[in-house]
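What you are looking at is a predicted structure, and each value in this text was computed from that prediction instead of being measured. Convention: sequence-line order gives letters A, B, ...; per-chain numbering from 1.
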Protein chains: 2
Amino acid sequence: MTQGRDLARPRATIVDVAQAAGVSRQTVSNVLNNPERVASPTLARVRQEIERLGFTPNAAAQQLRRHLARAYGFEVNPSAARRMGHIVDGFLVELTVAAPGYNSHLVTFASEAENPITGYERLLGTGLVDGFVITDTLREDPRPRWLVDNEVPFVSFGRMWDSPELGRWVDVDGRAGMEMAVRHLLAMGYERVAYLGWESGSPLGDDRRRGWLAALAEAGLAEEPLAGYTRDELMDATRAANGLLDRLAPLDGTAALLCASDMLALGAMRSLRGRGLEAGRDVGLVGFDDSTVAEALRLTSLRQPLHEAAHHAWRILHQAGSDSSLSALLSPSLIIRSSSSFEAA
Amino acid sequence: MTQGRDLARPRATIVDVAQAAGVSRQTVSNVLNNPERVASPTLARVRQEIERLGFTPNAAAQQLRRHLARAYGFEVNPSAARRMGHIVDGFLVELTVAAPGYNSHLVTFASEAENPITGYERLLGTGLVDGFVITDTLREDPRPRWLVDNEVPFVSFGRMWDSPELGRWVDVDGRAGMEMAVRHLLAMGYERVAYLGWESGSPLGDDRRRGWLAALAEAGLAEEPLAGYTRDELMDATRAANGLLDRLAPLDGTAALLCASDMLALGAMRSLRGRGLEAGRDVGLVGFDDSTVAEALRLTSLRQPLHEAAHHAWRILHQAGSDSSLSALLSPSLIIRSSSSFEAA
DNA sequence: AATGGTGATTTGATCGTTCAAATCCAGAGA
DNA sequence: TCTCTGGATTTGAACGATCAAATCACCATT
């Protein structure tokens, strides 16, 4: 179908370097992979020729010989892609930036809708990748089981709630984040903290909710916790926030609303504006994910430590075995903006 | 440093299939690559064995022999990543989904901040990719020149404004989109259409602005076009929209505001809410990019045809040569929501 | 002077596939 | 019966690297 073109000029090979330096190919290989085996004058000479010729080892040849691609598959999800500030995009970027430090690469791929394994099978079959980074593991998910059964290394971004022992993961501690947020709100002078979350069933949401409750209990405010639940959609969130704010009155700077996501917080913000109220001054407001919208709206929010998470994920992938002790639960950081601190406006 | 583990069980090779089917390896190769050369009983038998053994050709071996990776580099930009609904994320997803159809893959990478070429050199040097998809080509950009000089195939998502002849690109016709939006607004009964855009210097912005002006002229409304310019930040946009709305009065459903981005439109929306006005009923409002925020706020917006753009990009990459006739300028589609059509609310 | 040891380097084989050329074989034509 | 032809299939070489084993050079022992 497509003609392979040979436009690119031939690159220097290990043999070219060897001839130029007057040594054998294996010596050049040793210079790169086992420099301690090479006498130092030779080492210097070979390195100079490598530099001069701009030699870089051919990845395909290395893969073939080593049975190791030093590449990992990263699944992109067409439906999730349209979600607001989908956090996975940021994680992909951080993984990519960190990749050279683990001399690895990422290969993106997508599975067919009807069978979530197809993409994994295809990519693995070609030997193009050594393993996978998986995300969006909230639902009942056949992927961890399949990967384990096929002895494929992988790391999950997000706990595997229904089967934590099945593999290793990196996740962000939503519960701790929520506790942090409640403490912050109380410290800023808000006296009552309501919660706006997702309809139950999402382990992620339940975890965040628990953080809110725990922090309330810690402060001795757990008598009649006020909460509302809705879908992660703006209009629904606005409606739910409206109802919740009614029950939260008086809205005179003594009450705050803690939201399970920036989307929910955005709904709350709209609800506030509709009443002529201002986030921060009249009602404290905190979101989750620190999306660009949160920054734009000066919304206090919990930021996920994606940089750290990416490095952790790489470390897990490069560590053989499957003991789950390497899994990491990282703490988000609270980015304080005017929606929860009136003075700072 | 990192130990290569050999956990994965050995996969079937072309020789395994050949032995099982009682033919030579080359015949199996022909079944896959030149089926017309193989007698049909043999063909059937070999195909059956391929199926039975679950054989997939080893990509590294093919690459090595063919001097062709069938993979392309896609640069991710850590700074752009935080921008609201950065459209490039969506393009990456569409490219990935379309990739198997062109039996290719995408490899993500990042360049170092100080030298935008480093990432390209490294990836190309290993032979891991045959070419690149580049994005964010607005500024003076050394990449197209470098790619051409090194005879590396590439396609740009976004016109290369300062050097259109240097290579091939896929882009979305912002100008045509804006014309479409103006016509829509006039058809909906708005009589005056102002423009909120970016400070000049951005060819992308200037192009969109021209569309607005052209459509006004076409409708005979070009006497005293009203416009405001600002940075693509929410607070600045809100401020600028405020000033513009003052000059646009009366705001009684006869005026509309066309924005160069959803971020600017979001600013305008805040400004409207601050005055107790509603988008659509009191002032028509249109944004650009159809981000998730636009959807959430029921904002009419221009959606980029990312699916089509992705397929076009792949076709360009797989077409040898460098004649720029393949470049494509695609039309965005106007997604009409209540911010520009009060009845539909 | 012959032996042994050790560090440095080289040689041969191999990874899994495709290309180019050679071989095989059945049927047509003389 | 022999040669020729052309389709089907096989064989040898190569892609560019690494692994494992062999060789080499040099020096210390005995």
Closest approach to the side chain of [X], judged atom by atom: which nucleotide of [options] is it?
X: T42(B); options: dA17(D), dT9(C), dT9(D); answer: dT9(D)
X: N30(B); options: dG16(C), dT9(C), dT10(D); answer: dT10(D)
X: L64(B); options: dT10(C), dC15(D), dT18(C); answer: dC15(D)
X: R65(A); options: dT10(D), dT18(C), dC15(C); answer: dC15(C)
X: S24(B); options: dG16(D), dT10(C), dT11(D); answer: dT11(D)
X: A39(B); options: dT18(C), dT18(D), dA8(D); answer: dA8(D)

Please give, in whole Å, the distance from [N] [atom2] to [X] [atom1]?
X: Q62(B); N: dA14(D); atom1: CD; atom2: P; value: 21 Å
X: R37(B); N: dT10(D); atom1: CZ; atom2: C1'; value: 14 Å
X: N34(B); N: dT18(C); atom1: CG; atom2: C1'; value: 10 Å

Check: Going by atom types only, do E75(A) and T135(A) share a side-chain donor-acceptor pair under 3.5 Å?
Finding: no
Margin query: Can you confirm whether the side chains of H311(B) and Y102(B) place a donor and an acceptor under 3.5 Å from each other?
Written below: yes
Mind checking whether [X] and [Y] have side chains closer than 4.5 Å, heavy atoms only?
X: E121(A); Y: W146(A); answer: yes
X: V88(B); Y: F74(B); answer: yes
X: S104(A); Y: H318(A); answer: yes

Check: Which part of the nucleic acid, if any, lies within contact of Q26(B), taking any heavy atom under 4.0 Å across all strands shown: a base, the sugar-phosphate backbone alone, or nothing?
Finding: base
Next item on the list: Would you classify T27(B) as touching base, sugar-phosphate or nothing, given that sugar-phosphate means primed atoms plus P, OP1 and OP2, and contacts are heavy atoms under 4.0 Å?
Entry: base
Note to self: Counting only side-chain nitrogens and oxygens, does N33(B) get under 4.0 Å of the OP1 or OP2 atom of dT18(C)?
What the structure shows: yes
Margin query: Does a side-chain N or O of R66(B) approach OP1 or OP2 of dT18(C) to a distance below 4.0 Å, or not?
Written below: yes
Check: Taking N and O atoms by type only, does the side chain of R25(A) place a donor or acceptor under 3.5 Å from a partner on the base of dG12(C)?
Finding: yes
